[in-house]
Amino acid sequence: MSNQDKLIIFDTTLRDGEQSPGASMTSDEKVRIAKALERMKVDVIEAGFPIASPGDFEAVHSVAETIKDSIICGLARALDKDIDRAGEALKPANASRIHTFIATSPIHMKMKLRMEPDQVVEQAVRAVKRARQYTDDVEFSPEDAGRSDIDFLCRVLEAVIDAGATTVNIPDTVGYNLPHQFGDLIKQLIERVPNSDKAVFSVHCHNDLGLAVSNSLLAVLNGARQVECTINGLGERAGNAALEEVVMAIRTRQDMFSCDTDLDATQIVTCSRLVSNITGFPVQPNKSIVGINAFAHESGIHQDGVLKSRETYEIMRAEDVGWSANRMVMGKHSGRNAFKTRMAELGVEFSSEEDLNDAFARFKALADKKHEIFDEDLQALVTESRLESENEVYKLVALKVCSETGETPSSTITLSMEGKEHSSSATGGGPVDASYKAIEAIVKSQTELQLYSVNSITSGTDSQGEVTVRLEQAGHIVNGQGSDTDIVVASVKAYINALNKITRPRDREHPQSGDV
Ligand code: KIV
Ligand code: ZN
């Protein structure tokens with residue numbers, strides 16, 4: 001594959017993906033996702049918007065410290081203070097990129113920025129030059145390019161490339177464009193911007209009309225060599241182009257594309273699950289590539305065809321994107337070494353012997369309750385132990401629930417709070433409802449439960465239930481997770497995990513807010 005034929009995959013799950021209402025992630029969660037993206041060989045990871053809050057700064061800084069093989073990018077409006085903050089957050093990175101942007105559409109310039117076009121060009125150039133003081137790798141985006149005047153776009157792009165932008169990203173910020181139109185826009189920009197050969201052309205498409213992936217692919221066919229995308233298509237409003245769909249479309253239709261990515265597609269399903277689990281955004285069963293039914297054949301005619309020759313109805317192989325039959329890897333007699341080896345194969349590293357011992361002890365406890373231990377169970381174990389080590393104010397000490405036909409379910413909970421134990425009992429519509437009321441009687445968090453979802457990690461009635469809850473408190477939203485073979489216990493763990501997260505204060509600024 002020649003240089004020109006490489007398609008750069010820029011993942012913005014940790015930045016635009018996190019802008020999905022309710023998808024906020026802690027710094028530790030971002031690092032875990034970043035490691036999975038690095039393992040998948042994503043070229044650029046946009047880790048966040050450092051000026052937004054101290055928490056966002058810290059998350060970008062931690063990702064920059066941890067990741068070695070991918071370029072780490074931080075977002076900054078075209079403002080000195082944003083760029084300086086991004087430069088600071090990215091300092092520990094092996095390779096860093098600053099992504100700066102300013103809106104260029106008439107409606108954004110007039111109504112949001114209240115700036116004249118000349119001022120916008122001047123500010124864009126100034127921002128790129130400032131970003132170049134921190135890194136040679138600078139990306140510029142004319143926000144709402146999809147609704148901008150093409151002559152003005154050419155003028156801005158020429159100026160920022162002259163100022164040192166090495167990537168120019170064309171966002172369809174509001175998901176307004178149609179594929180043929182967006183493809184043509186990219187073609188014309190590359191043809192008309194005199195110094196277009198000095199920068200990589202990138203695209204960033206939103207999915208408001210369900211066209212984000214199609215628009216991105218048309219852009220690639222017309223010369224774009226970077227696509228910005230997110231795992232599971234997460235992102236602001238209807239989301240961004242789904243990474244897994246873009247990558248697999250290009251790989252499956254190599255007859256149509258003169259480029260390919262370096263991505264290790266076998267990591268896609270693991271990444272998708274991790275992001276879904278952390279954000280609490282479930283993957284719909286019929287979602288392309290990563291939905292549970294994406295490779296399932298129901299009709300007898302299809303099944304017959306696939307049995308005779310799989311290509312009759314399959315354009316991709318499930319194993320190429322990381323689907324494997326649930327592998328029973330271990331049971332209660334497996335040793336610590338076998339456990340560590342299998343975890344390493346799943347991409348899980350332990351930072352200390354203590355971490356490994358803790359996870360192994362959990363594995364043994366689970367193996368006592370559950371006959372067959374699958375890869376998914378092992379991954380949940382790690383999530384579980386990391387969740388417990390996170391900033392724990394509240395800890396579950398004991399839980400007793402009573403559920404009987406004809407009787408009102410009740411629950412008695414004991415929590416430890418800063419070393420002291422507190423107990424409470426409550427009744428409710430079901431054992432989970434009663435348990436949450438009992439917890440609330442102790443904690444008095446005054447949070448609003450926005451989401452409660454249960455998934456079984458594997459099949460079978462002894463499967464672990466994986467619960468996600470979303471809590472809101474005065475506009476601050478967090479997701480909590482918990483897993484256990486007992487779904488009431490899993491539910492209680494998820495609720496406590498969310499309460500532990502919501503105790504952290506966090507004032508955030510939105511990247512597309514209008515003060516520039
Ligand atoms: O959608 C958008 O325009 C963005 C920019 C910051 C690139 O997310
Ligand atoms: Zn966006």
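Atoms within a ligand are numbered from 1 in the order they appear, just like the ligands themselves. Everything numeric here is computed off the predicted structure, so don't read it as measured data.
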Atom indices of ligand 1 within 4.0 angstrom of Glu143 heavy atoms, with elements: 3 (O)

Counting only protein N/O/S atoms, those under 2.8 Å from the Zn ion (ligand 2) total 3

Starting from atom 3 (O) of ligand 1, which protein heavy atom do you reach first, and at what distance in Å? Thr173 OG1, 2.6 Å

Do NZ/NE/NH1/NH2 and the carboxylate oxygens of Glu191 and Lys187 come within less than 4.0 Å? yes

Take a 6.0 Å sphere around CZ of Arg126 and say whether it holds more than 12 heavy atoms from other residues, nucleotides or ligands. no

Partners of Asn207 by side chain to side chain contact (heavy atoms under 4.5 Å, CB included), sequence neighbours excluded? Ala212, Ala238

Atom 1 (O) of ligand 1 - nearest protein heavy atom and its distance: His206 NE2, 3.0 Å

Just to be sure I read this right, does ligand 1 sit under 4.0 Å from the backbone of Glu139, its side chain, both, or neither, counting only heavy atoms? neither

Does a sphere of radius 6.0 Å around CD in Gln119 hold more than 12 heavy atoms from other residues, nucleotides or ligands, not counting ones at 6.0 Å or beyond? yes

Say whether His99, considering both its backbone and side-chain N or O atoms, lies within less than 3.5 Å of an N or O atom on ligand 1. no

Is His204 in polar range of ligand 1, meaning some N or O pair under 3.5 Å apart? yes

What is the nearest protein non-hydrogen atom to atom 2 (C) of ligand 1, stated with its residue, atom name and distance? Gln512 NE2, 3.2 Å

Distance-minimising heavy-atom pair for Arg470 and Thr279: NH2-O, 3.2 Å

Taking all non-hydrogen atoms of both residues, which atom of Asn177 and which atom of Phe182 are closest, and how far apart? OD1-CD1, 3.5 Å

Using distance alone, decide if ligand 1 has a nitrogen or oxygen within less than 3.5 Å of any nitrogen or oxygen in Asp16. yes

Does Gln19 have a heavy atom less than 4.0 Å from any atom of ligand 1? no

For residues 286-295, dump all side-chain donor-acceptor pairs below 3.5 Å to protein atoms at least two apart in sequence or in another chain.
| from | atom 1 | to | atom 2 | distance (Å) |
| --- | --- | --- | --- | --- |
| Asn286 | OD1 | Gln284 | NE2 | 3.1 |
| Lys287 | NZ | Glu244 | OE2 | 2.8 |
| Lys287 | NZ | Glu245 | OE2 | 2.5 |

Below 4.0 Å from any atom of ligand 1, is there a heavy atom belonging to Arg15? yes

Verdict with reasoning, Gln464 to Asp377, per side chain to side chain donor-acceptor pair (under 3.5 Å): CA-CA 7 Å; Gln464 292 195 84; Asp377 292 312; 3.1 Å; yes

Are the side chains of Thr468 and Ile278 in touch, meaning some heavy atoms are under 4.5 Å apart? no

Tell me whether the guanidinium CZ or amine NZ of Arg85 lies under 6.0 angstrom from the six-membered ring centre of Phe57 and within 45° of its axis. yes

Could you pull out all residues at least two apart from Ser216 that satisfy side-chain hydrogen bond (donor to acceptor under 3.5 Å, both in side chains)? none

